[in-house]
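Convention: sequence-line order gives letters A, B, ...; per-chain numbering from 1. Everything numeric here is computed off the predicted structure, so don't read it as measured data.
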Amino acid sequence: MLKDPHALITHKEHWKDYYLFTLESPIIASQAEPGQFIMVRVSSLSCPLLRRPFSIHSVEGKNIEIFFQKSGIGTSLLSNKITGDFMDIIGPLGKGFSWSQHSKTQDIVLIGGGRGIAPLYFLSQKLHSAGTTPIIFYGGKTKDDIPLKEKFEQKGFTIYCSTDDGSFGFRGLITDCFKDQLKNLTPKQIFACGPEPMMKAISQVAVKRGIPAEFSLESVMGCGFGACWGCVKKIKTKAGSEWVKICEEGPVFSSFEIVWEEQEK
Amino acid sequence: MLKDPHALITHKEHWKDYYLFTLESPIIASQAEPGQFIMVRVSSLSCPLLRRPFSIHSVEGKNIEIFFQKSGIGTSLLSNKITGDFMDIIGPLGKGFSWSQHSKTQDIVLIGGGRGIAPLYFLSQKLHSAGTTPIIFYGGKTKDDIPLKEKFEQKGFTIYCSTDDGSFGFRGLITDCFKDQLKNLTPKQIFACGPEPMMKAISQVAVKRGIPAEFSLESVMGCGFGACWGCVKKIKTKAGSEWVKICEEGPVFSSFEIVWEEQEK
Amino acid sequence: MIDLSVDFGFIKLKNPVLAASGTFGYGIEFSPFIDLNKLGGFVVKGLYYSPRPGNPPQRLVETPSGLINAIGLQGIGVKKFAEDILPQLRKYQTAIIVNVCGETEEEYAKVVDFLNKEDGISLYEINISCPNVKEGGCCPAQNPESTYSVVHLVKEVSARPVITKLSPNVTDIVEIALSAQEAGSDAVSLVNTFLAMAIDVEERRPKLANILGGLSGPAIKPLALRMVYQVVKHLNIPVIGIGGIMTGQDALEFLIAGAKAVQVGTANFVDPEATVKIIQDIQRHCQFNNITKIEDIIGTLNE
Amino acid sequence: MIDLSVDFGFIKLKNPVLAASGTFGYGIEFSPFIDLNKLGGFVVKGLYYSPRPGNPPQRLVETPSGLINAIGLQGIGVKKFAEDILPQLRKYQTAIIVNVCGETEEEYAKVVDFLNKEDGISLYEINISCPNVKEGGCCPAQNPESTYSVVHLVKEVSARPVITKLSPNVTDIVEIALSAQEAGSDAVSLVNTFLAMAIDVEERRPKLANILGGLSGPAIKPLALRMVYQVVKHLNIPVIGIGGIMTGQDALEFLIAGAKAVQVGTANFVDPEATVKIIQDIQRHCQFNNITKIEDIIGTLNE
Ligand SMILES: Cc1cc2nc3c(=O)[nH]c(=O)nc-3n(C[C@H](O)[C@H](O)[C@H](O)COP(=O)(O)OP(=O)(O)OC[C@H]3O[C@@H](n4cnc5c(N)ncnc54)[C@H](O)[C@@H]3O)c2cc1C
Ligand SMILES: Cc1cc2nc3c(=O)[nH]c(=O)nc-3n(C[C@H](O)[C@H](O)[C@H](O)COP(=O)(O)OP(=O)(O)OC[C@H]3O[C@@H](n4cnc5c(N)ncnc54)[C@H](O)[C@@H]3O)c2cc1C
Ligand SMILES: Cc1cc2nc3c(=O)[nH]c(=O)nc-3n(C[C@H](O)[C@H](O)[C@H](O)COP(=O)(O)O)c2cc1C
Ligand SMILES: Cc1cc2nc3c(=O)[nH]c(=O)nc-3n(C[C@H](O)[C@H](O)[C@H](O)COP(=O)(O)O)c2cc1C
Ligand code: FES
Ligand code: FES
């Protein structure tokens, strides 16, 4: 974990509201694990004040990539950065997916909803080089919201897509698309990231079928490195359940650890 | 006076910390008088919050120009704008120099210190087309601080330059350079803009020699159009002297109106 | 058609967006930019009985997302206001509110008494944050008894409904608001500016000639909203929310918290069209959410 | 060599820059980024006697140049602190300050009594803005009597010097500060956060699960600086300035106003190196202005 105020943007791509930045940051690149994230300073002024968290989307030599959706002030400012600009980042942060114990597992399924696809590309690369090829599920609102489809296909992954409006692939939620495919598939492990209702639905299916599953949670983060206690989620611990800092103990947790929001009420 | 949120930057030039922007803003261009200014929104976020005032540096058809020095957060953000960007401006504001009554006056002297040169170019153009050619005095800290020298020379004006460090022209303050030339010149009217101590010194010379003089004052401005009462300076009025809004009644005042800062204490 | 009007009982405003005192001049300064008739109303710059010179400059300091001012209530006094300004304002079809100031309780009453005779004023807003020169202290707004006392006196002489404008520089805003209500205030507006300071490090002197000034702008919005939320819970007269409102979203936060109307201050300097844009934003929000009357939004916070 | 040390009488700090409670974890969270030995000191996260679960999320809201938090003082309690954390802190050559919390006056005393036995703590800072669950009200900091009472009790049991940390949510900060001084406090620090709120317009609910939270960050700096300026004038014990400090310039404003030291809070989240950079900035300022001791800057405001 370190602060790199001089992460050079060496490449930028975008599709409508989605952006992919390649950042030269050798030490962070060398330490990064799938599911970990970085905190990005979006302005040197005092508004927006806080850094923004982004998953590490891939690592290539001394470069890392982030993939993000323009969805507010911070991501909007970020989207204006250009190749040759520097970014001030902190990372790698948090604990990632437990991928390394799964090099022998077949039928691993990765499920990404919208921008939640971001960390799953890095994970798919790691699993692939470890010798197993996961199956990808990728959902979005419309066909514009699944811009990374080709990227996965080019790497030879089987990918199932869904769009809410049916403009591409399965019409409906990616959870339903996944459930639909369960007649053909027998997943041994699920890794997922996306909107909370999506992850909760998958978690329920996974628990019912006895499939181990891990999820990358989101939360408003003040610091990203355990100092503010702002990012907590309810997590089952030995003591029962407590508010756990997801920037430190997560953002990845398993079905059995997460107490999903509605449940607590 | 109007708000133009779509003033297109059609041209940008810069010399070290000094920037020249050409803005397409037809109505403001058609109404502008030398000595008037515009208020520029430097950020769409809430910091920096307030607009920044800049003199109208020249008018050419439907374009106006501003010439500014990067000297803080606002001007720094502004300096990052590029050709093709829009600026949100309000203008023309205030009351300018009384140039129109001087079309017959010979030996008019314009004295600009640093960024204070900005409004004097517009004034020189107007006087020139009215049939009189003013003499220019232009001072800066070093030779890098008198970037507009050539611009005036190209238009055929006689220009005296000074630098504090003697790196170009007269070594010392532009006020001393001016006093020095008073042995050769018999100015009938002075128009000046620059740091307050410079203007005050010129005012004293002018009063002593009975030369009418006008000065463009600066002050921290909240609005630029008379609504906040923030920009006042002490000005002699019929009633004695009062705090007068320089954005409305100025920024240009004569030697006889201005109560210079030290005097009041 | 969305009904944006809000009914205070004693007055009906065409919409809940007013311009705040001291940030809107005497109104006419904004006529080059907007049609004043579109506003719910506007509050003119604070008026003492006599003209006041105001503070020496520097009067303004910009701070992160904020503005500190120490104008010192420079103003023309009631007579010149009645002679020169009011006649220009009478043609507008919008609520004209006079912000009443006084160095003593009697001065508040004198201003109101004088203005009672003049046509074209809808309401008075009493600014109880004026420094009390006579008693050397701060202002009635920091104490429930002096708040009661000023409001009570003004209500006795006033021929028009009275809004009391509260200061945020207090431990318990609800206590002061209740005092104003008890004294007969017809509504309260909050907040005025927060007492603030800035120092020039190079010169080692206060940036403002007056040393202290009042902070306004987006920086204070979360504090103002909290106070409005607290006051609404305890009062049964209308509450007007003020503080850092820049957008329709900001205004809606105050309305949802229970404010019957809002005032827009510092935003007018940044964008002289701010008030009108905020009205449009609110309208759009209603349209999008199938809300036909703005009053259906007011005080609908789900806790 | 510039002498950055400041002498409080009861303690000498190597420089006037401390990290503020609740924004610096237990210190160790920052050791990957900075050398903690470079700091004047740091204040650990608020400690109650028992562990506390804290508030449900959402706990943070960003506002213009500010941050509202409603962490609810989640914490591990004194025992775990003494067992797990303190041993790790003892190796650092810097002032370690414990921020003491309590739901009742007795709890404050219990925390201090427990920690008295433990080595490696330089000072206590009593956080009198803790909600008083027992009496249902807000906190001792809003009332001079309860401030006096808590401080007095803590001073009686404390084996170490005590800083009282004041809340800005009061009408008269000087009155509270004087109370703390009278009760024997060895220093005061100010300010804690400003009570604040934000509303989600689409959902029409408070953004924070706790409804209200505390505002910190650059937005509050002008308010905090004003309060420090006022308090310094009336106290004869050292004053520590807190609120929105992001840069060396910000810190210098507080020092010039008369603060003997400053605490850096929210800035630590934005830039974990903030404290160290601020120390460097101050050093550079001294160098540039031929100042050999930082104490020659403190309280040098020209009014
Ligand atoms: C561990 C983690 C990894 C993430 N990875 C990615 C990624 O790879 N790609 C991507 O597009 N997005 C990712 N996000 C979400 C991303 O951080 C938010 O979209 C972003 O912070 C929004 O900032 P904004 O200023 O544009 O939005 P605004 O709404 O203007 O932000 C306002 C405030 O809310 C916070 N905020 C708003 N939405 C979220 C959210 N969903 N999660 C956390 N904070 C939020 C911001 O930090 C800020 O403080 C991740 C979030 C987390 C917690
Ligand atoms: C009528 C008028 C015309 C001007 N014309 C020009 C021009 O043509 N070219 C040019 O380079 N500059 C001009 N200035 C000065 C220019 O407005 C300031 O340099 C600029 O506002 C500084 O902004 P900043 O954010 O970069 O500096 P910062 O110091 O970061 O600004 C902080 C605050 O101080 C205010 N401020 C700081 N210095 C000044 C100043 N000298 N005058 C007014 N406000 C100030 C800013 O508005 C802001 O509120 C003019 C000023 C006035 C009043
Ligand atoms: C320059 C300035 C002058 C002000 N003058 C007055 C005044 O005369 N009377 C008054 O009651 N409030 C006055 N205020 C306070 C505003 O009306 C308003 O309450 C405050 O600025 C908070 O709102 P805002 O954040 O939207 O600006 C003034 C504010 C500013 C910035
Ligand atoms: C997330 C967070 C947690 C805080 N927790 C504490 C605390 O436990 N005890 C305390 O006295 N102050 C606490 N504070 C207040 C800070 O110490 C500081 O007084 C305040 O944030 C103002 O300083 P700043 O603007 O530099 O952040 C906390 C502030 C924040 C932002
Ligand atoms: S984001 Fe600060 S503790 Fe997790
Ligand atoms: S700048 Fe607002 S009145 Fe002059």
Side-chain angles (χ1 to χ4, degrees), chain C residues 61 63-68 138 141-143 167-172 176 194-207 211-215 217-230 244 246 248-257 285 289 297 300-303, chain D residues 61 63-68 138 141-143 167-172 176 194-207 211-215 217-230 244 246 248-257 285 289 297 300-303:
Chain C
V61 181
T63 66
S65 303
L67 169 67
I68 316 180
C138 162
Q142 288 194 312
N143 176 300
S167 161
N169 300 300
V170 297
T171 308
D172 184 357
I176 311 286
F194 286 78
L195 202 56
M197 183 178 188
I199 290 175
D200 181 325
V201 167
E202 300 312 321
E203 308 284 336
R204 296 203 210 154
R205 53 166 190 73
K207 284 193 179 167
I211 304 177
L212 302 184
L215 184 68
I220 69 165
K221 197 194 69 177
L223 311 181
L225 183 65
R226 180 266 294 180
M227 292 187 183
V228 166
Y229 165 82
Q230 291 178 319
M246 302 292 283
Q249 291 277 315
D250 295 335
L252 284 161
E253 286 193 66
F254 282 90
L255 297 175
I256 290 167
H285 177 86
N289 292 281
I297 285 185
T300 56
L301 186 71
N302 303 309
E303 291 187 28
Chain D
V61 181
T63 66
S65 303
L67 170 66
I68 316 181
C138 164
Q142 289 194 311
N143 176 299
S167 161
N169 300 300
V170 297
T171 307
D172 183 357
I176 311 288
F194 286 78
L195 202 56
M197 183 179 189
I199 289 174
D200 183 324
V201 167
E202 301 311 320
E203 308 283 337
R204 295 204 210 152
R205 54 165 190 74
K207 285 192 177 168
I211 306 179
L212 303 184
L215 184 69
I220 68 165
K221 199 194 68 179
L223 311 180
L225 184 64
R226 180 266 294 180
M227 292 187 183
V228 166
Y229 165 83
Q230 291 178 320
M246 303 292 283
Q249 291 277 316
D250 295 336
L252 285 162
E253 286 193 65
F254 282 90
L255 297 175
I256 291 168
H285 177 87
N289 292 281
I297 285 184
T300 55
L301 186 71
N302 303 307
E303 292 185 29

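- With a 4.5 angstrom heavy-atom cutoff, Ile211(D) touches chain C only via side-chain atoms.
- With chain C as the partner, the residue from Gly66(D), Gly217(D), Pro206(D), Gly213(D) showing the most heavy-atom pairs under 4.5 Å is Pro206(D).
- Under the side-chain hydrogen bond (donor to acceptor under 3.5 Å, both in side chains) criterion, Thr63(D) pairs with no residue, sequence neighbours left out.
- A distance-only check finds no donor-acceptor pair linking the side chain of Thr171(C) to the backbone of Gln142(D) [under 3.5 Å].
- With contacts defined as side-chain heavy-atom distances shorter than 4.5 Å, the pair Lys221(C)/Met197(D) does not qualify.
- Looking at Glu203(D), the atoms closer than 4.5 Å to chain C (heavy atoms on both sides) all sit in the backbone: N, CA, C or O.
- Distance check: Ile220(D) CD1 to Ile220(C) CD1 gives 14.0 Å after rounding to the nearest 0.5 Å.
- Comparing Arg205(C), Met227(C), Glu253(C) by how many heavy-atom pairs each has under 4.5 Å with chain D, the most go to Glu253(C).
- Counting heavy-atom pairs closer than 4.5 Å to chain C, the top-ranked of the candidates Ser65(D), Ala219(D), Ala257(D) is Ser65(D).
- At least one donor-acceptor pair closer than 3.5 Å links the side chain of Arg226(D) to the backbone N or O of Leu195(C).
- Within the 4.5 angstrom heavy-atom criterion, only side-chain atoms of Ile68(D), from C-beta onward, approach chain C.
- Heavy-atom distances place the side chain of Leu212(D), and not its backbone, under 4.5 Å from chain C.
- Neither the backbone nor the side chain of Ala224(D) comes within contact range of chain C; no heavy atom of the residue lies under 4.5 Å from a heavy atom of that chain.
- Take Arg204(C) and apply the side chain to side chain contact (heavy atoms under 4.5 Å, CB included) test, not counting sequence neighbours, and it matches Ile256(D), Ile291(D), Ile297(D), Thr300(D), Asn302(D).
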Asp250(D)/Val201(C) under side-chain contact (heavy atoms from CB on, under 4.5 Å): CA gap, chis, key distance, verdict: CA-CA 9 Å; Asp250(D) 295 336; Val201(C) 167; over 6 Å; no
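- Heavy atoms closer than 4.5 Å to chain D are found in the side chain of Leu215(C), but not in its backbone.
- When Leu225(C), Asp200(C), Leu252(C) are compared by the number of non-hydrogen pairs under 4.5 Å with chain D, Leu225(C) comes out ahead.
- Tyr229(D) has its side chain out of reach of Ile199(C): every pair of non-hydrogen atoms, C-beta onward, lies at least 4.5 Å apart.
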